[in-house]
J.: 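The structure follows.
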Amino acid sequence: MRKVYLKKAGASFVSLLLALTLFPLNAQTAFATDAVKGVEVHADSSKLEASVAAAKAAGVDVQKEDDVDKGSTETTAETDAKKAEIQADYDKQIKDLDDAAKEAKKQLADYATKKAAYDTAKAKYDTDKAKYDADMVAYNKAMEELEKKKNQDGYMTKPYPQLLTFKSEPGATLSYSGKKYTRQEFSDEVRSWNVGTEPWRYSYFDALNGGQPNDADRVMLEKDKPFVATYTNLTNSSYNGKKISKVEYTYTYKGSSGVNLPDKLPVILQKDPTVTIWYNDFFGDARINMTVKFYDEAGNVIDPTGSLLNFSSLNRGNGSSAVDKDAIEKVASFNGEYVPISGSSIKPHADGSAYSDTNNHDRAEGSRFNTSEWDTSTSPNSWYGAIVGRVTNSEISLDMASHKSGVVWFALNSDIKAVNVPTRPVEPTPPTEPQKPVIKATYHFDILYTKPQLEKKVLDENNKDIDTNTVKTGSVVKFALNTTAFPAGHEKITSVVMNDVLPEGYKLNLEETKKASPDYEVSYDEGTRTLVFTAKATLLDQINADLTKEAPVPAPIIVGTVTKEGTTYENQFDLDINNVFKKKSNKVTVKTPEPPTPPTPKKHKGAVPYTGDAGVLPSVALLMTSAIALGGAWITRKKQ
């Protein structure tokens with residue numbers, strides 16, 4: 001609704017305020033009943049009008065647009081829905097006007113006020129830019145140092161910056177579609193495989209299963225069947241300044257050798273995606289493929305090319321003495337670039353894997369350090385069992401591989417163990433300098449109509465609905481003239497008139513009708529059989545007492561009797577509101593039974609009997625029966 005145009009401020013602003021003072025706000029067009037659309041319904045526009053006035057007072061150039069026709073409703077539900085739609089429209093207009101007023105107050109007072117927001121933003125940008133420039137100096141220096149020291153212990157042999165921040169997400173939410181095992185179910189499943197009778201076959205599995213929490217995410221990977229684990233609610237991660245909100249890991253168990261496993265592998269997923277996964281290789285050779293996808297806050301896949309991944313704690317020589325001390329942990333089939341760390345025991349190999357060629361567990365076995373000296377979270381020598389993985393594809397793919405390791409922990413994160421690797425700074429975006437604006441805004445009113453719904457009912461003297469029924473001749477029959485209530489926000493009602501042309505044979509009880517319709521002036525024209533109900537002033541006052549509330553319309557009741565036999569009485573009424581909107585009701589019918597048909601006398605066969613003949617008496621009896629059936633009229637005429 002608000003538009004910004006560029007022009008010089010000054011005297012024109014004063015003139016605008018003067019004009020707004022001299023020419024008040026044009027109110028909404030007056031209510032008007034429509035002959036086709038019905039009664040106008042008003043959604044409260046007082047707040048909108050107040051916002052228009054406030055915006056004008058603040059110096060906004062407010063222009064009224066044409067009213068918007070919201071159509072006509074026929075039910076309460078439709079009216080309520082339309083009023084809600086109008087209110088939402090008004091609320092949006094109010095917000096736009098209030099925003100325009102705030103903007104005008106800030107910008108039209110003078111140029112310095114208007115420029116303050118920009119100056120604040122510019123100052124912040126200047127600070128951020130200065131920090132960025134300083135960070136870039138430090139970054140470039142760090143990269144130079146990496147180049148100089150790339151052959152020293154702990155430094156990457158190729159200098160690369162870090163673009164990825166993915167170190168800790170303890171509040172992440174983990175979801176997956178596979179079964180989650182209890183600790184006991186996990187144990188029962190694995191023991192059912194009969195991997196072997198040696199005590200060490202299950203000892204490492206039991207240690208892993210028992211060492212994880214009761215509610216740990218114990219799942220079973222099946223060979224060549226992808227298993228997707230999704231982590232959402234990430235709060236600490238980003239790529240090149242863009243927030244990462246979700247990460248998706250797809251695990252595919254590629255199989256094991258050297259151990260009799262049923263194409264399944266038990267793994268325990270970690271709640272934090274940067275801590276990742278534990279598994280047991282049962283002292284064989286196991287391999288699990290893992291693909292990784294990062295997503296931004298909009299749900300779009302992030303291309304993490306250039307990110308540096310941490311492949312660390314890759315042990316060799318720390319296996320079980322009861323099985324094979326020369327256990328090996330590897331990363332394999334990585335689709336990026338391995339970046340070795342000078343002095344590290346971990347080397348890339350021609351088969352696409354990275355691991356230590358020799359023991360890195362025990363000095364006595366030729367290792368430069370004991371495991372306790374490098375394989376801890378705080379050790380300055382953690383680079384010794386690590387290599388860096390540089391991402392070169394939009395999707396990360398790698399294999400976790402182990403040889404007779406028993407229990408294996410693999411953590412995928414950006415906490416690389418190489419020394420002094422800088423994170424590349426992200427340049428801030430400068431704000432756009434504003435120009436002196438004139439604020440314009442528009443508003444409109446919404447026009448809504450409703451058509452009252454009419455319902456004609458025909459009732460017996462006990463007020464039971466008898467529509468389409470047959471009643472006795474002479475019965476009391478009532479007609480109820482129902483119309484729906486005027487909805488909250490209706491226009492002022494100046495007249496309500498109902499006309500009903502009574503059917504032939506219906507005898508009106510005018511006095512009872514007046515008693516049954518106390519809210520109406522009742523008049524009846526016998527010549528045209530037209531009965532007219534006109535709302536009394538007291539009823540109109542009642543309807544208009546509070547236009548913000550629904551106003552019921554009491555139904556006038558017609559009381560009378562049906563007098564003709566064998567007749568169908570059909571009736572409807574006309575409604576007239578404010579001498580403009582007119583509508584016909586539905587039709588109702590009631591019937592009276594046909595009169596009984598007199599029996600046909602039988603003709604005497606043979607000679608006409610003389611008086612006293614035996615055949616005369618039955619004929620006379622039959623004649624009397626017919627005469628009675630005809631109400632005695634025939635006998636009466638005979639007597640006459």
Side-chain angles (χ1 to χ4, degrees), residues 25-46 48-49 66-76 78-80 82-83 86-87 90 444-457 479-502 510 513-525 528 530-558 572-586:
L25 172 68
N26 290 327
Q28 182 175 357
T29 304
F31 281 109
T33 305
D34 187 272
V36 176
K37 298 176 183 177
V39 176
E40 188 171 342
V41 180
H42 175 52
D44 183 12
S45 62
S46 58
L48 174 60
E49 293 170 15
D66 292 340
D67 294 340
V68 175
D69 187 345
K70 290 294 185 177
S72 180
T73 63
E74 296 193 357
T75 66
T76 300
E78 288 178 0
T79 301
D80 290 344
K82 280 291 184 181
K83 288 174 73 173
I86 291 171
Q87 190 57 58
Y90 283 1
H444 63 264
F445 293 111
D446 295 325
I447 307 300
L448 175 64
Y449 294 88
T450 187
K451 298 176 182 178
Q453 298 304 293
L454 311 185
E455 183 183 29
K456 185 69 177 282
K457 284 195 171 185
F479 294 108
L481 286 60
N482 297 299
T483 181
T484 50
F486 291 109
H490 63 84
E491 64 175 288
K492 184 177 180 180
I493 304 303
T494 58
S495 71
V496 176
V497 179
M498 300 182 200
N499 296 281
D500 197 317
V501 178
L502 301 180
L510 185 57
T513 297
K514 289 180 177 179
K515 289 180 182 179
S517 312
D519 296 293
Y520 296 87
E521 299 289 351
V522 184
S523 63
Y524 180 59
D525 185 332
T528 63
T530 301
L531 183 62
V532 180
F533 295 95
T534 304
K536 292 180 179 179
T538 53
L539 175 55
L540 295 176
D541 289 343
Q542 180 181 320
I543 291 173
N544 297 318
D546 187 349
L547 299 182
T548 65
K549 294 182 179 178
E550 183 179 77
V553 181
I557 305 295
I558 303 173
Q572 67 181 148
F573 72 94
D574 297 328
L575 172 68
D576 184 309
I577 298 175
N578 289 354
N579 298 313
V580 177
F581 177 74
K582 305 178 191 301
K583 186 174 183 180
K584 287 185 178 295
S585 75
N586 59 304

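Everything numeric in this text was worked out from a predicted model, so none of it was measured.
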J.: Using atom types as modelled and distance alone, determine if a side-chain donor or acceptor of Ser517 lies under 3.5 Å from a backbone N or O of Tyr520.
T.: no

J.: Would you check, one step at a time, whether the test salt bridge (charged side-chain N to carboxylate O under 4.0 Å, His left out) holds for Asp519 with Lys536?
T.: CA-CA 6 Å; Asp519 296 293; Lys536 292 180 179 179; over 6 Å; no

J.: Please report the interatomic distance CD(Gln572) to CG(Leu481), rounded to the nearest 0.5 Å.
T.: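 Gln572 CD to Leu481 CG: 10.5 Å, rounded to 0.5 Å.
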
J.: For Lys549, does the NZ atom have more than 12 heavy-atom neighbours from other residues, nucleotides or ligands under 6.0 Å away?
T.: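 No.
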
J.: State, yes or no, whether a side-chain contact exists between Leu531 and Ile558 at a heavy-atom distance under 4.5 Å.
T.: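 Heavy-atom side-chain distance check passes, below 4.5 Å.
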
J.: So do the side chains of Ile557 and Thr513 get within less than 4.5 Å of each other, counting heavy atoms only?
T.: no

J.: Between Lys83 (side chain only) and Ala488 (backbone N and O only), is there a donor and an acceptor less than 3.5 Å apart?
T.: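 Side chain of Lys83 to backbone of Ala488, a donor-acceptor pair under 3.5 Å: yes, one is there.
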
J.: Applying side-chain hydrogen bond (donor to acceptor under 3.5 Å, both in side chains) between Thr33 and each of His490, Glu491, Lys492, report the one that passes.
T.: Glu491

J.: Using 4.0 Å as the upper bound for N to carboxylate O, is an ion pair formed by Asp576 and Lys583?
T.: no

J.: Of all heavy-atom pairs between Ala535 and Leu540, which one has the smallest distance, and what is that distance?
T.: CB-CD2, 4.0 Å

J.: Show your working on side chain to side chain contact (heavy atoms under 4.5 Å, CB included) between Leu502 and Tyr524 and close with a plain yes or no.
T.: CA-CA 10 Å; Leu502 301 180; Tyr524 180 59; 3.7 Å; yes

J.: On a heavy-atom basis, which atom in Phe581 and which in Gly38 lie closest, and how many Å separate them?
T.: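 Here Phe581 and Gly38 meet closest at CD1-CA, 3.4 Å.
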
J.: If you measure from CD on Gln453 to CG on Asn586, what distance do you get to the nearest 0.5 Å?
T.: 10.5 Å

J.: Between Asn578 and Ile493, is any pair of side-chain heavy atoms under 4.5 Å apart?
T.: yes

J.: Could you tell me whether the side chain of Val497 reaches within less than 4.5 Å of the side chain of Val532, counting heavy atoms only?
T.: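 Contact flag for Val532/Val497 side chains = yes.
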
J.: Compare every heavy atom of His444 with every heavy atom of Tyr90, then report the nearest pair and how far apart it is.
T.: CE1-O, 3.9 Å

J.: Hey, does the side chain of Glu40 reach the backbone of Ile447 with a donor-acceptor pair shorter than 3.5 angstrom?
T.: no

J.: In the structure I gave you, are the side-chain heavy atoms of Tyr449 and Thr73 within less than 4.5 Å of one another anywhere?
T.: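 No. Closest side-chain heavy atoms not under 4.5 Å.
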
J.: Rounded to the nearest 0.5 Å, how far apart are CG of Leu547 and CG of Asp44?
T.: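 Leu547 CG to Asp44 CG: 11.5 Å, rounded to 0.5 Å.
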
J.: Could you tell me the separation between the NZ atom of Lys70 and the CG atom of Leu448, rounded to the nearest 0.5 Å?
T.: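 The distance works out to 9.5 Å.
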
J.: Decide side-chain hydrogen bond (donor to acceptor under 3.5 Å, both in side chains) for Thr450 and Glu74; before the verdict, give the C-alpha distance in whole Å, the side-chain angles of both, and the deciding distance to 0.1 Å.
T.: CA-CA 6 Å; Thr450 187; Glu74 296 193 357; over 6 Å; no

J.: In sequence, state the C-alpha distance, the side-chain angles, and the governing distance for Thr530 and Asp525, and then conclude on side-chain hydrogen bond (donor to acceptor under 3.5 Å, both in side chains).
T.: CA-CA 5 Å; Thr530 301; Asp525 185 332; over 6 Å; no

J.: Restricting to non-hydrogen atoms, name the atom on Phe486 and the atom on Val39 that form the minimum distance, rounded to 0.1 Å.
T.: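 Looking at all heavy atoms of both residues, the closest pair is CE2-CG2, 4.0 Å.
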
J.: To the nearest 0.5 Å, what is the distance between CG (Asp500) and CG (Leu575)?
T.: 12.0 Å

J.: I want to check something: taking the side chain as every heavy atom from C-beta on, are Glu550 and Pro487 in contact at a cut-off of under 4.5 Å?
T.: no

J.: Taking all non-hydrogen atoms of both residues, which atom of Ala485 and which atom of Pro552 are closest, and how far apart?
T.: CB-CA, 3.6 Å

J.: Measuring from atom OG1 of Thr483 to atom CD1 of Ile577, what distance do you get when rounded to the nearest 0.5 angstrom?
T.: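 Going from the OG1 atom of Thr483 to the CD1 atom of Ile577 covers 6.0 Å.
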
J.: With heavy-atom distances below 4.5 Å as the criterion, would you say the side chains of Glu78 and Thr75 are in contact?
T.: yes

J.: Using a 4.5 Å cut-off on heavy atoms from C-beta on, say whether the side chain of Pro556 contacts that of Phe573.
T.: no

